[in-house]
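Just so we're on the same page: letters track the sequence lines, and every chain starts at 1. Heavy atoms only: backbone and side chains are in, while hydrogens, waters and symmetry mates are out.
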Amino acid sequence: MSEILHAVKGMNDVLPETAEAFLSTAVWDKVIDTARRVIEGYGYRQVLIPIVEETALFARGIGEGTDIVSKEMYTFSDRGERSLTLRPEGTAGCVRAFIEHGFAKTDPVQKWWYIGPMFRAERPQKGRYRQFYQIGAELYGASDPAADAEVIVMMWRICQALGLKDVTPRVNTLGDKESRDRYRDVLRGYMRANVDTLCDACKARIETNPLRFLDCKNPACKEVARKAPDIMESLSAQSRAHFDKVTTYLRDCGLAYVRDAALVRGLDYYSETTFELTTSALGAQDAVGGGGRYDGLIEELGGTPTPAIGFAMGVERLALLVAATQQVASGPHLFIAPMAGAESFALQLADAVRTGGPYRVEVDVTGRKLKGQMRRADKVGARFALVLGEDEIARRHGNLKDLRVSSTSDVALTGDAICAALAKLIA
RNA sequence: GUGGGCGUAGCUCAGCUGGUAGAGCAGCGGAUUGUGGAUCCGCGGGUCGCGGGUUCAAACCCCGUCGCUCACCCCA
């Protein structure tokens, strides 16, 4: 037991059958397929970005002072020369690619989506892992509030398409740089006035990052934060107008969002609109997805200034919610059980059915007795079973058995005939 | 990095005040030479996380260590 190798802490296997349903591939397929369908319906196209990037990209992009960069990155040296790191999020790499391929000049409006693993060296807990998957989308070259609204609605639609009920969209604005600077000062003043009730972390944040005080979970801080001045008061006219339009569009689209003044987010690159999808069903990790506008990032990383907005959703968290609320199964439509001597015929017939229609067909290749084969048909959740023996092969006809109700119907043993029968019986 | 809980069969766990291991489920086979789910019978599976200590004797007590898990910080 102690000699076998183990997956490293916080990194999971996703398998066809698992004790924890959210780590089964059927659930993941549902999450990923659904998200892809919804996102591509908005005109986004997939990009595949490397998992490893130069450390400097994340340090500069996400921000030196953030938790991610200061203590959570998997950083290593590549043959002793340059410092590389496993991506902790997807936006920085996409932005790097956007700049590197010169899209700002040639075709600035880009709608990209991605899926893949991200890495953060935190202590794992429910809904939080060191290797975790994100589905994300980035929209470049659009500064109009319609872009913000569309992205938020899209994220919401993914949850709807997954049948998730307990999900709340929250939105906020951080304003443009001037608004934020102004608000930071206002907040500092307010925090100093209440400094004796703040936790130690927040005392430090007065200087380093006052915004973060707003989402501190310390009860005393929370109470003080609740009465803190709202950023709305510090917003420039443009930022104010931008946010007003975003929320108007959201309402027009029928989205029941909550404006959350404490929604600040921990990455440095956000500006203007920020948003999150939260749930009460995940324990301490209540965010299933989040994002925001990052108009300054492309310039920050050396590109021509281009507005941008994006979001990321956690696949594990979505899978957790899906697995908790619904049964996801994908057994074969047809299970073929060959008696001794019928194996070759079974293989050929199965192939003919697969080419003749959109059906999953499994042949029992264990060579065991019929009883065992039927048990397996049941276990894998097959809808129909077909036994092949000397009789059937001689008559070129067999009994298609509906395993849900144990009724049988006679079919000719050709791919087309079986496909036609399945089409009729499944409908 | 900090704190709580837990490590016994593939899974979920039982194991009384220490006497060198059990159940259910799952798996495989049979009862029924060719038709699943129910029932019955049988079979296989364990260095009791690891190391050390106390003891005639340790899954149980003590120390250490590793791992898992939940929570804090923060996020997806």
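Put simply, CG on A/Leu320 is 13 Å from P on B/rU69, counting in whole angstrom units. One can place CD of A/Glu122 at 11 Å from P of B/rC74, the figure rounded to the nearest angstrom. Here the C1' atom of nucleotide B/rC68 and the CD atom of A/Glu20 are 11 Å apart, to the nearest Å. Here the P atom of nucleotide B/rA76 and the CG atom of A/Leu263 are 10 Å apart, to the nearest Å. Between the CD atom of A/Glu276 and the C1' atom of B/rC74 there is a distance of 11 Å, rounded to whole Å. Taking atom CZ of A/Arg317 as the reference point, atom P of B/rA76 lies 8 Å away to the nearest angstrom.
Between A/Asp33 and A/Arg36 no salt bridge is recorded (no basic side-chain N to carboxylate O distance below 4.0 Å). We find that A/Arg376 and A/Glu362 are joined by a salt bridge, their nearest charged nitrogen and carboxylate oxygen being less than 4.0 Å apart. Salt-bridge check for A/Glu53 with A/Arg96: passed, with a basic side-chain N closer than 4.0 Å to an acidic carboxylate O.
Remark: the separation of the C1' atoms in B/rG49 and B/rU2 is 24 Å, to the nearest Å. Atom P of B/rC68 sits at a distance of 14 Å from the matching atom of B/rU8, rounded to the whole Å. For the P atoms, the distance from B/rA59 to B/rG1 is 33 Å, rounded to whole Å. For the C1' atoms, the distance linking B/rA31 with B/rA23 amounts to 24 Å, nearest Å.
The side chain of A/Gln125 places an N or O atom within less than 4.0 Å of a non-bridging phosphate oxygen (OP1 or OP2) of B/rA71. Proximity of A/Arg205 to the phosphate of B/rC74: a side-chain N or O atom is located under 4.0 Å from OP1 or OP2.
Using a 30° and 60° split on the angle between ring planes, A/Tyr359 and A/His333 fall in the perpendicular class, above 60°.
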Next on the checklist: Within the 4.0 Å limit for protein heavy atoms, which parts of nucleotides 32-45 of chain B are touched? Write it as a string from 5' to 3', B for base, S for sugar-phosphate only, - for none.
Outcome noted: --BBBB--------
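Across A/Asp166, A/Thr168, A/Asp286, a single residue satisfies side-chain hydrogen bond (donor to acceptor under 3.5 Å, both in side chains) together with A/Thr279, and that is A/Asp166. Of the options A/Val151, A/Val153, A/Leu139, a side-chain contact (heavy atoms from CB on, under 4.5 Å) to A/Tyr42 is made by A/Val153 and by none of the others.
The number of heavy-atom neighbours closer than 6.0 Å to CD of A/Glu299, taken from other residues, nucleotides and ligands shown, is 12 or below.
Two residues, A/Gly291 and A/Arg123, neighbour RNA chain B, and the one matched to the more 5' nucleotide by heavy-atom proximity is A/Arg123. Across the interface with RNA chain B, nearest-nucleotide mapping of A/Gly10 and A/Cys216 shows A/Gly10 to be the residue nearer the 5′ end.
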Checklist entry - Given A/Glu64 and A/Arg60, is the salt bridge (Lys or Arg N to Asp or Glu O under 4.0 Å) satisfied, shown in steps? => result CA-CA 7 Å; A/Glu64 299 278 5; A/Arg60 285 168 51 197; over 6 Å; no
Checklist entry - For RNA chain B, what string of dots and brackets results from 5' to 3' when Watson-Crick and G-U pairs need both distances under 3.5 Å, crossing pairs get [ ], and pairs with another strand get |? => result (((((((..((((........)))).(((((.......))))).....(((((.......))))))))))))....
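In the region residues 36-74 of chain A, proximity to RNA chain B at under 4.0 angstrom, judged on heavy atoms, holds for A/Asp67, A/Lys71.
Of the candidate nucleotides B/rG29, B/rA76, B/rA71, B/rG29 has the atom lying nearest to any side-chain atom of A/Arg368.
Among all heavy-atom pairs drawn from A/Phe335 and A/Ala382, the shortest one is CB-CB, 3.7 Å.
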